[in-house]
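Keep in mind that this is a model prediction, so the values were computed, not measured.
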Amino acid sequence: MGLAAETPLMAPQPMHTTCGFLSKLPPPLHPRATPKEIHNHRVRATRAKQGALESEPGRPAASHDGLYLVSEWFLPWADVSGVGALAQASKPWLNETQVQALWRDFVVDRWRVVPKHAPRVYGAPTWQLVYRNFLFQLKIPRSPFSRSTNAVFGRGRLPGVCTAWVLVKHRSDCRTRSSNQAQQEQPAVPSDTVTSALNIISRTNRPRPSIELRLIVQNTGPNCASLRVEVPHEAMQIMNGNTETKAALVERTQLVSVNGEKSGRGSSGSCEGGRGLPSGEKLGPLDFGVYSIHVEAKNCAFETDFLARARALELRIHSRETPSQPERTQTVMVEIVDEATVWEHYEELPGGFMVLVDSPRTRFTTTEERFGRVA
């Protein structure tokens, strides 16, 4: 009792840090570091701590030890949710988690932007605001198949698992494609009627109009170790008059690219069962794949005719939280934009021609739109 009365209670000391202390830390070692590299790394880390302590005389050393350890070993490997939880611990930790280099890496890893550019190029003064704006806008990751000038006609999101976008592989004349692939189910041909056989063969091998869509799916789940994408045979929901129907795939779904690099898989053998299920191809954390989908476009001469009738694209996502756990199948609907938004990217010319407008800044305008109607 007497010892407790004589020993004063020590209040917990708050952690303090100097501005830019995280930038002075040496980068983490790679797994195959030599003993000499480990020794030099420890010497640089010790000097960085001593410099931080000398800049703030009178501060307890224990407060900097914990800050140094977490700053060096946790922040470079943490995700956005972990950094956000750490920022709520105290004001010093809030300052350390707002380092621009940290949020720049987050933006580059997820959206594949050019890291040498300033954040103002992407519409915000800091990289933290760039990440927030891209997240709210469902920004598509950069790749040779998804540039900033490409028009996005559909967006969908499965919270905690993935994000999907739908683009169109445009043609120069903006017309639909013709697929010469024969139907899988052919009716029985009477052996005694040659005319009926010729009619059935001509109807079966008749070119089927279709449109090629580019589906981009990115693994954005914090606890999703891997996922696979399946496109059903009748995946596209379209409006046929006042009734809603489904359009079938005329060709197998092909994996075109993974993380911006061309895939080595060919069109033959790239899917199983003819239902667009990439065999063994899985997307890891923050990986994105580009898939080529050919959808039947009945009574559609131009791409705008199909996009104006399309409503949503159905996908089946098979995900795993850990490699040892079984797959979990979920359905995500990628909503297609309305007809007014579709016509913002196209322009109809006299003579029955159609052109694609890459950006609203280059949209063709008539004399009445520029100067108003002349009386």
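With sequence neighbours left out, Asn223 forms a side-chain contact (heavy atoms from CB on, under 4.5 Å) with no residue at all. Under the rule for a salt bridge (Lys or Arg N to Asp or Glu O under 4.0 Å), Glu348 has no partner lying at least two apart in sequence or in another chain. Evaluation of the side chain to side chain donor-acceptor pair (under 3.5 Å) rule for Glu296 yields Arg208 as partners, not counting sequence neighbours.
Under the 4.5 Å side-chain criterion, counting only non-hydrogen atoms from C-beta, His117 is not in contact with Arg104. Using a 4.5 Å heavy-atom threshold, the side chains of Lys169 and Ser292 count as separate. Side-chain atoms of Gln330 and Leu158, non-hydrogen and from C-beta on, do get closer than 4.5 Å to each other. Side-chain contact between Met354 and Glu347: absent, with no pair of heavy atoms (C-beta onward) separated by less than 4.5 Å. In this structure, the side chains of Tyr291 and Val229 come closer than 4.5 Å at one or more pairs of heavy atoms. Between Arg112 and Asn259, some side-chain heavy-atom pair lies under the 4.5 Å cut-off.
Annotation for Val152 and Val337: closest pair O-CG1, 4.3 Å, computed over non-hydrogen atoms. Taking all atoms of both residues into account, the shortest heavy-atom contact from Ala247 to Val295 is CB-CG1, 3.7 Å. Counting all heavy atoms, side chain and backbone alike, Thr176 lies closest to Phe302 at CG2-O, 3.7 Å. Considering every non-hydrogen atom in both Arg328 and Val161, the closest pair reads NH2-CG2, 4.1 Å. Residue Gly160 comes nearest to Cys224 through the heavy atom pair O-CB, 4.4 Å, listed as atom of the first residue, atom of the second, then distance. Here the closest heavy-atom approach between residue Ala225 and residue Pro285 is recorded as O-CD, 3.5 Å.
A side chain to side chain contact (heavy atoms under 4.5 Å, CB included) with Leu167 is found for exactly one of Val290, Ile140, Leu213, namely Ile140. Test His345, Arg214, Arg175, Glu303 against His170 for side-chain hydrogen bond (donor to acceptor under 3.5 Å, both in side chains) and you get one pass: Glu303. If you run side chain to side chain contact (heavy atoms under 4.5 Å, CB included) between Trp103 and each of Val108, Leu129, Val83, Thr126, only Val83 comes through.
Without hydrogens or angle criteria, Asn133 side chain to Val130 main chain gives no donor-acceptor distance under 3.5 Å. Remark: side-chain polar atoms of Glu321 are not paired, donor with acceptor, to backbone N or O of Ser226 under 3.5 angstrom. Judged by distance alone, the side chain of Ser210 and the main-chain N or O of His294 form no donor-acceptor pair under 3.5 Å. Side chain of Arg252 to backbone of Leu249: no donor-acceptor contact under 3.5 angstrom is found. No side-chain donor-acceptor contact under 3.5 Å links Asp105 to the backbone of Leu102.
Judged purely by distance below 3.5 Å, without hydrogens or angles, the side chains of Thr341 and Asp338 pair a donor atom with an acceptor atom. For the 3.5 Å distance criterion, the side chains of His318 and Thr329 qualify, holding a donor opposite an acceptor. A donor and an acceptor atom, one from each side chain of Asn219 and Asp287, are nowhere located under 3.5 Å apart.
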Criterion ring pair (Phe, Tyr, Trp, His ring centres under 6.0 Å) on Tyr122 and Trp111, from CA distance to verdict: CA-CA 12 Å; Tyr122 304 104; Trp111 288 283; over 10 Å; no

Residues Gln128, Gln98; criterion side-chain contact (heavy atoms from CB on, under 4.5 Å); working and verdict: CA-CA 7 Å; Gln128 189 175 8; Gln98 291 180 349; 3.8 Å; yes

From CA spacing to verdict: salt bridge (Lys or Arg N to Asp or Glu O under 4.0 Å), Glu327, Arg228: CA-CA 9 Å; Glu327 287 187 345; Arg228 294 187 297 110; 2.7 Å; yes

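With respect to Glu212 and Arg171, no salt bridge is recorded, no charged nitrogen being found less than 4.0 Å from a carboxylate O. With respect to Glu234 and Lys246, no salt bridge is recorded, no charged nitrogen being found less than 4.0 Å from a carboxylate O.
For Phe153 and Trp165, the gap between ring centers reaches or exceeds 6.0 Å.
Connection of Tyr346 to Ile211 is established within a shared hydrophobic cluster, with ILVMFWY side chains joined at heavy-atom distances below 4.5 Å, either directly or through further cluster members. There is a path of hydrophobic side-chain contacts, each under 4.5 Å, that joins Val121 to Leu135. Hydrophobic clustering of Ile, Leu, Val, Met, Phe, Trp and Tyr side chains at less than 4.5 Å, counting indirect connections, keeps Trp127 apart from Leu94. Note on Trp343 and Ile238: same hydrophobic cluster, where clusters join Ile, Leu, Val, Met, Phe, Trp and Tyr whose side-chain heavy atoms are under 4.5 Å apart, directly or indirectly.
Annotation for Gln137: atom CD counts as buried by contact number, over 12 foreign heavy atoms lying within 6.0 Å.
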